[in-house]
Structures are given as structure tokens and as C-alpha cells.
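One structure below.
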Amino acid sequence: MLRVRPPLTSASSHPRVPFFKQVAMARSKEVFWWSLFSAGGALSALFLPAIVAVTGLAVPHMAGNEHAIRHDVHQTLVWWPVRLVFLGVIGLSFFHCAHRMRHTAMDLGLRHASTALGVLFYGGAIAGCIAAACVLRTW
Amino acid sequence: MADQTITLEVFRYRPETDNEPTFQKYDVPYRADWVVLDALNWIKDNVDGTLSFRWSCRMGVCGSCGMMVNGVPRLTCSAFLREFFPEPVRVEPLANFPVERDLIVGLDSFMEKLKKAKPWLIRKEEKPLSEGEYLQTPAELARYKQFSMCINCTLCYAACPVVGHEPHFLGPAAIALAQRYNLDSRDQGRDERQEIVAGHEAVWDCTFVGECSQVCPKHVDPAGAIQQAKIASTIDWYTRFLLPKGQTR
């Protein structure tokens, strides 16, 4: 028997809808935020311990030591692709945190305020990204 | 051993006489090889024939004897009294479902959700019988076999906090079964299911608490199925955005 596929009516099934409009549409926006959450979780699990070890322990130790930071180490850390990697990991970690916090708050009974929670937490993550970019720019 | 007893505190609600539910205590002979379902049947046969509960196979296959046992969703045919003895055992109907009578819950909403997930093989075109069966390799079978072990016992719905908050949430078993058919090499119905599965009241409502997989008596891992479905839906979404119009993955 030939099954007739029903007409698809939701926003995300129209490829010509611009990206920003797709993000704004109800069914799609969870996909977008979840993808940032998921990427943030994976990247922070892989790289955050190494970044903390390098920037939080190794570099301060070297800086406080009588020997200055080796020039090539310093050059590597301030190389712009490395800064971009740091920004990616830090920024996506903010979104990972924001998404988890929003859904935890919803699970705790604030489901009716999901939009406000989204503005609060995702807004906070965007602010965190901007702050991280500012710090890394002058690093 | 023969004289030992164990106390069952059983949830009672008879809508024709009770205004609200109560708990009734029964002292039941303790046998190390008895399960909670045996104790309930002993009560029904020897003490109180009005006690109502569902059961059928007594071997963890039919999925009809799910109840809350000391607050945990369990198949009562596999919850041994020796796990709890000498402490009393509290038996209640499955959480997150409306109670119809005593330990029996209404499954109408679950059946509706199950139907929405379309847990059956969908073909866009059936090939003629003369071309033979739809063959499948062991590797293709292995992709979905775990999710096909679901017996619709609904323990995962009783364990899921999102089901409790959000009655419209499609729920773990229905999503796992949708994923089971999406992963089946013989199936061509993923697009049909996506309209429901990728929607707000399905995978995106799940906050990955993971209790569904903890309580599943058949080790289906519905939480894993939901994560797989989220990843597939996300790839769909970005693919639609990135690929030229009309193309899909």
C-alpha cells in the first residue's frame, strides 16, 4: 500500500525560511539552544581541564617563578587561532551552563516562565561570551 | 520460615464508595521466592477479593503489573519480597497516571501518545511479494534491537519528572519506539514521525534526568534513544539551513 506523506506545515520544514527566523520559531529554537548546549558539554569535557591547567596553573606558576614565561609559549598562547579556540570553548560552556540552568529551573516548577528564563540565562551566556572576547582580545 | 509474615501497605481507592484513597495493611505469609505480585494475589484469594490490580504473564514479558513499590516503579512480578523483608512494603499505583481503581491506572493518554509516535513499519512503496522479503543484516538489526525490547509497561512514565510536570510530553517509551522504527533499515517513515518526535512536546521537553533508563526492566535505555533523536533532529535542522532548498539529508 502506498502511504501518502501528509503535508509538512511546521516552520523548520521550509528550507527557505531565513536562519534568524527559524531560530525565533517555537519548534526550532530548542534545536538551536540544545545544539549549543550539546557542543558546550562535549567541548568543555574535552578541553576545559587542559585550558584550566594551562591558563590557571602553569602560566601563573611560570609568571611567579624567577624564570619568565618562555617566549615561544607566550607567543603560542596569544596566537589568534588559539584565542579563538579558547573563546569557543569558554563561550559554548556558558551556553551549556545556561541551557542546563534554564531546564533545571523549569523542572523546579518555573515551566510557565520558560521564555523569561531563556532571556535571563541565554542573555547571560551571550554577555559571558562578550566578556570573554574582551578579555581574550587584550590578552 | 513458614510462620513469618510481611506487611503490605496497599493503596485502596474504590470510586463508588471512597471519597479519597486510603492505605490498607495486610499481613501476608513471607516466602523468600515470592514476589510482590504473589503477595497481592494471596490477599485477593484469601483476604479481600475486591482488591483490584492488573497482571498477566508473571514473568516480566507482558508489562501489565507495573506499580510503585516503596515509591519506585517496578514490575511487581520481579520485585521479590526478600528485597524488603522484614520491613513493610508499600504498594501504590504507578505515579503520573490517573487512578481508576485501587492499583489500576488509566492508560488512555499513554495509548494516544504511543499512536502518535507511529511505532510500526511505514513504507513509501511496498515491493511486490515476488521480490521476496526485506532482508536485514545483523548489523542493521543491532542498530535498533535494544529499543525494540520495550514492553509498554509504562514504568518510565511513572519515573519521569517531566511527564509529571508536562502531561502532554510524548514520553520515554513512545520516543524510544519511534527511534526504534527510525533506525530500522526497512522503514521509510521517519519524516512522518519527525513531525511529532522533533516537536516541542517530545524530545525537546526531555531534560535528560535519566530515570526512565534506570527503572526500565528490559534495559531499553529510553534516555539514550531520546538523545539519539535529539542529535538526529539537530542534524536535520542544520542540514535544512545549510543545504540548498529542497535538499534533505
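Naming: A, B, ... by sequence-line order, numbering from 1 per chain. Just so you know, these numbers use all the heavy atoms, side chains as well, and skip hydrogens, waters and symmetry mates. Just so we're clear, the structure is a prediction, and the values are computed from it rather than from any experiment.
- Within a 6.0 Å radius of CD in B:Glu131, other residues, nucleotides and ligands contribute more than 12 heavy atoms.
- Other residues, nucleotides and ligands contribute only 12 or fewer heavy atoms inside 6.0 Å of the CG atom of B:Leu129.
- Put simply, the residue from A:Met106, A:His103, A:Arg111 that forms a side chain to side chain contact (heavy atoms under 4.5 Å, CB included) with B:Val162 is A:Arg111.
- Using a 4.5 Å cut-off between heavy atoms, B:Gln188 does not touch chain A at all.
- The OG atom of A:Ser38 sits 9.0 Å away from the NZ atom of B:Lys230 when rounded to the nearest 0.5 Å.
- Under the rule for a salt bridge (charged side-chain N to carboxylate O under 4.0 Å, His left out), A:Arg83 has no partner lying at least two apart in sequence or in another chain.
- Other residues, nucleotides and ligands contribute over 12 non-hydrogen atoms within 6.0 Å of the NZ atom of B:Lys218.
- The line from CH2 of A:Trp34 to CZ of B:Phe208 is 9.5 Å long, rounded to the nearest 0.5 Å.
- Contact of B:Val203 with chain A is not made at all, since no heavy-atom distance falls under 4.5 Å.
- By the neighbour-count criterion of 12 heavy atoms within 6.0 Å, atom CZ of B:Arg101 is densely surrounded, having more than that number from other residues, nucleotides or ligands.
- Here the closest heavy-atom approach between residue B:Thr234 and residue A:Ser35 is recorded as CG2-CB, 3.5 Å.
- With contacts defined as side-chain heavy-atom distances shorter than 4.5 Å, the pair A:Arg100/B:Thr207 qualifies.
- Contact annotation: the side chain of B:Trp204 never approaches that of A:Trp33 to less than 4.5 Å [non-hydrogen atoms, C-beta and beyond].
- A heavy-atom distance below 4.5 Å is found between the side chains of B:Val209 and A:Asp107.
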